[in-house]
Amino acid sequence: MSAVPAAEAQHSWAVERPGPIETRPLARIARRTAAPGPGDLLLRVEACGVCRTDLHLAEGDLAPRRPSTVPGHEIVGRVVAVGEAVTSFRIGDRAGGAWLRGTCGKCRYCRAGRENLCPWSTYTGWDEDGGFADMALVPAAFAYPLPEIRDAASLAPLLCAGIIGYRALRRSALPEGGRLGIYGFGASAHLAAQVAVAEGATVHVLTRSARARELALSLGAASAGGAYERPPEPLDSAVLFAPVGDLVPVALEALDRSGTLAIAGIHLTDIPSLNYERHLFQERDLRSVTSNTRQDGRDFLALAERIGIQVTVSPYPLGRADQALADLAAGRVNGAAVLVPD
């Protein structure tokens, strides 16, 4: 294991008292830099994306699994130390830490290539501290090598917003050349939309934000309307990125026969009653999306480079992480919020 700057203090944000964002659930703290375990990387954080899941954790929609957890699971960093068992990374490498942090590797889901459903899976910024910090520990087996040709801030959203958007797109069973509806247009949606357009789909975006509608059209969407509006044509598939249960029947009703709606978020407000004939009949499907596999991550990162995906970033200094979450909650972020060193 390489030497760790043990005297160095790590500055972080932790969820001290989950609650509405206006109650300031995040607190700035200082901790001693930890040494990596045998299979870990210690990263000096270059950038960390701000995900809606971080907001759910801060506000208590996602129950904390440990006290004073440091959020953040879209981590781009430089390896400054490696555990003694690590052979896949060296000091100075650029590496990414993502939401999925660990699995058992032995259960029926892991053996079947569905590790995202592992009952013993663990998550960065929920089970262990994440990237709202100067330094972050990441298991090497769940880290991604990252290219040097992109700046860190534009890479960070790819590590969750991009990966989970990619899985949601695949879960929506979008046929070749199909018609896709995207409900909500934040960090994840603006990346998934580019994948769909690159693969030949016609994309219709439905979102409350006028700025987001403008962004959608600039990225190749065929139309952009209000969240509750009817798309201009029936949809083969739809992905719900907004954590708003009221939009589920809206999206289902917009589907053509045999269409599929995939719900991308980890948290959703209650879904209203569905009418079988209007919303589900004619073999419409409703699917959830749960985390991702490492193969999803590898596939998406390779695809993102191949198609030259554009990442719209709203940067914040690490010292304003609480403001970044507040802006995300209020819908003031265009594209993806990303924390960068102070």
Could you check whether any side-chain N or O of D151 sits under 3.5 Å from a backbone N or O of S154, counting only pairs where one atom can act as donor and the other as acceptor? yes
Taking the side chain from N116 and the backbone from T290, do they hold a donor-acceptor pair closer than 3.5 Å? yes
Residues two or more places apart in sequence or in another chain: which of them pass side-chain hydrogen bond (donor to acceptor under 3.5 Å, both in side chains) with T260? none
Nearest 0.5 angstrom please: D285 CG to S172 OG, how far? 11.0 Å
Going by the side-chain contact (heavy atoms from CB on, under 4.5 Å) test, name the single residue among R298, R114, E115 that passes it with T293. E115
With a 3.5 Å distance limit and no angle check, can you tell me whether R284 reaches the backbone of F281 through a side-chain donor-acceptor pair? yes
If you apply the rule side-chain contact (heavy atoms from CB on, under 4.5 Å), what do you find for E305 with I149, and how did you get there? CA-CA 10 Å; E305 287 306 302; I149 58 175; 3.5 Å; yes
List the residues meeting side-chain hydrogen bond (donor to acceptor under 3.5 Å, both in side chains) with E214, not counting sequence neighbours, and say none if there are none. none
Give me the atom names and distance for the closest heavy-atom approach of L174 to A196. CD2-CB, 4.3 Å
Is there a donor-acceptor contact under 3.5 Å from the side chain of H190 to the main chain of T312? yes
Flag if over 12 foreign heavy atoms under 6.0 Å of CD, E283: no
Measure the shortest side-chain to side-chain distance between I75 and V45 over non-hydrogen atoms and say whether it is less than 4.5 angstrom. yes
R44/D134 under salt bridge (charged side-chain N to carboxylate O under 4.0 Å, His left out): CA gap, chis, key distance, verdict: CA-CA 6 Å; R44 186 180 299 279; D134 297 327; over 6 Å; no
Greater than 12 external heavy atoms within 6.0 Å of E148's CD: yes
Suppose clustering is done on Ile, Leu, Val, Met, Phe, Trp and Tyr with side-chain heavy atoms closer than 4.5 Å. Which residues sit in the same group as F132? W13, V15, I21, L26, V50, L55, L57, L62, V70, W99, L100, Y123, W126, F142, I266, Y316, L318, L325, L328, V333, L339
Using the side-chain contact (heavy atoms from CB on, under 4.5 Å) rule, take L303 and V195 through it: C-alpha gap first, then chi angles, then the decisive distance, then the call. CA-CA 8 Å; L303 177 60; V195 173; 3.6 Å; yes
Answer yes or no: is there a donor N or O on one side and an acceptor on the other, between the side chain of D256 and the main chain of L235, under 3.5 Å? no
In terms of hydrophobic clusters joined by side-chain contacts under 4.5 Å, are V239 and L261 together? no
Cluster question for you: counting only ILVMFWY and a side-chain heavy-atom cut-off of under 4.5 Å, with indirect links fine, are I307 and V197 together? yes
Looking only at atom types and distance, does a side-chain atom of D54 sit under 3.5 Å from a main-chain N or O of C51, one as donor and one as acceptor? yes
Look up atom CG in N292 and atom CZ in R294, then write down how far apart they are to the nearest 0.5 Å. 10.5 Å
Could you check if a side-chain atom of E16 sits within less than 4.5 angstrom of a side-chain atom of P25, using non-hydrogen atoms only? no
Any idea which heavy atoms bring A34 and L137 closest together, and the distance? CB-CD1, 3.9 Å
For the residue pair S121 and C118, what are the closest heavy atoms and their distance? OG-O, 2.9 Å
Indicate, with yes or no, if L169 and L159 share a hydrophobic cluster defined by side-chain heavy-atom contacts under 4.5 Å among Ile, Leu, Val, Met, Phe, Trp and Tyr. yes
Atom pair CD/CG of E128 and D40 - distance to nearest 0.5 Å: 9.0 Å
Taking every heavy atom of T124 against every heavy atom of G130, the minimum-distance pair comes out as CG2-CA, 3.8 Å
Rounding to 0.5 Å, atoms CZ (R171) and OG (S288) come to a distance of 6.0 Å
Side chain proximity check, V250 to Y183, heavy atoms < 4.5 angstrom: yes
Could R170 and D296 be called an ion pair, given the rule that one side-chain N must be under 4.0 Å from one carboxylate O? no
Which residues pass the side-chain hydrogen bond (donor to acceptor under 3.5 Å, both in side chains) test with R211, not counting sequence neighbours? none
Please indicate whether R332 has more than 12 foreign heavy atoms, meaning atoms of other residues, nucleotides or ligands, lying under 6.0 Å from its CZ. yes
In the structure I gave you, are the side-chain heavy atoms of L217 and V205 within less than 4.5 Å of one another anywhere? no
Backbone N or O of G226 within a donor-acceptor pair of the R208 side chain at under 3.5 Å? no
What one should report as the nearest heavy-atom pair of P157 and V338 is CG-CG2, 3.7 Å
Starting from V289, can I reach V248 by hopping between I/L/V/M/F/W/Y residues whose side chains sit under 4.5 Å apart? no
Just wondering, do Y144 and I163 contact through their side chains at under 4.5 Å, heavy atoms? yes
Does CZ in R65 sit with more than 12 non-hydrogen atoms of other residues, nucleotides or ligands closer than 6.0 Å? yes
Is there a donor-acceptor contact under 3.5 Å from the side chain of R94 to the main chain of P147? yes
Within a radius of less than 6.0 Å around CZ of R66, do more than 12 heavy atoms belonging to other residues, nucleotides or ligands occur? yes
Enter the distance from H204:NE2 to E229:CD here, rounded to the nearest 0.5 Å. 13.0 Å
Would L42 and V82 count as a side-chain contact (heavy atoms from CB on, under 4.5 Å) here? Give the steps. CA-CA 6 Å; L42 178 64; V82 298; over 6 Å; no
Charged N-O contact under 4.0 Å between E46 and R78: yes
Decide salt bridge (charged side-chain N to carboxylate O under 4.0 Å, His left out) for R31 and D129; before the verdict, give the C-alpha distance in whole Å, the side-chain angles of both, and the deciding distance to 0.1 Å. CA-CA 11 Å; R31 291 177 178 168; D129 287 341; 2.5 Å; yes
D342: what forms a side-chain hydrogen bond (donor to acceptor under 3.5 Å, both in side chains) with it, not counting sequence neighbours? R28
N/O donor-acceptor pair under 3.5 Å between R52 side chain and A329 backbone: no
Hits for ring-ring contact (aromatic ring centres under 6.0 Å, His included) against H56, two or more places apart or cross-chain, chain-then-number order -> H267
Identify whether Y228 and F185 are in the same connected component of the hydrophobic contact network (ILVMFWY, side-chain heavy atoms under 4.5 Å). no
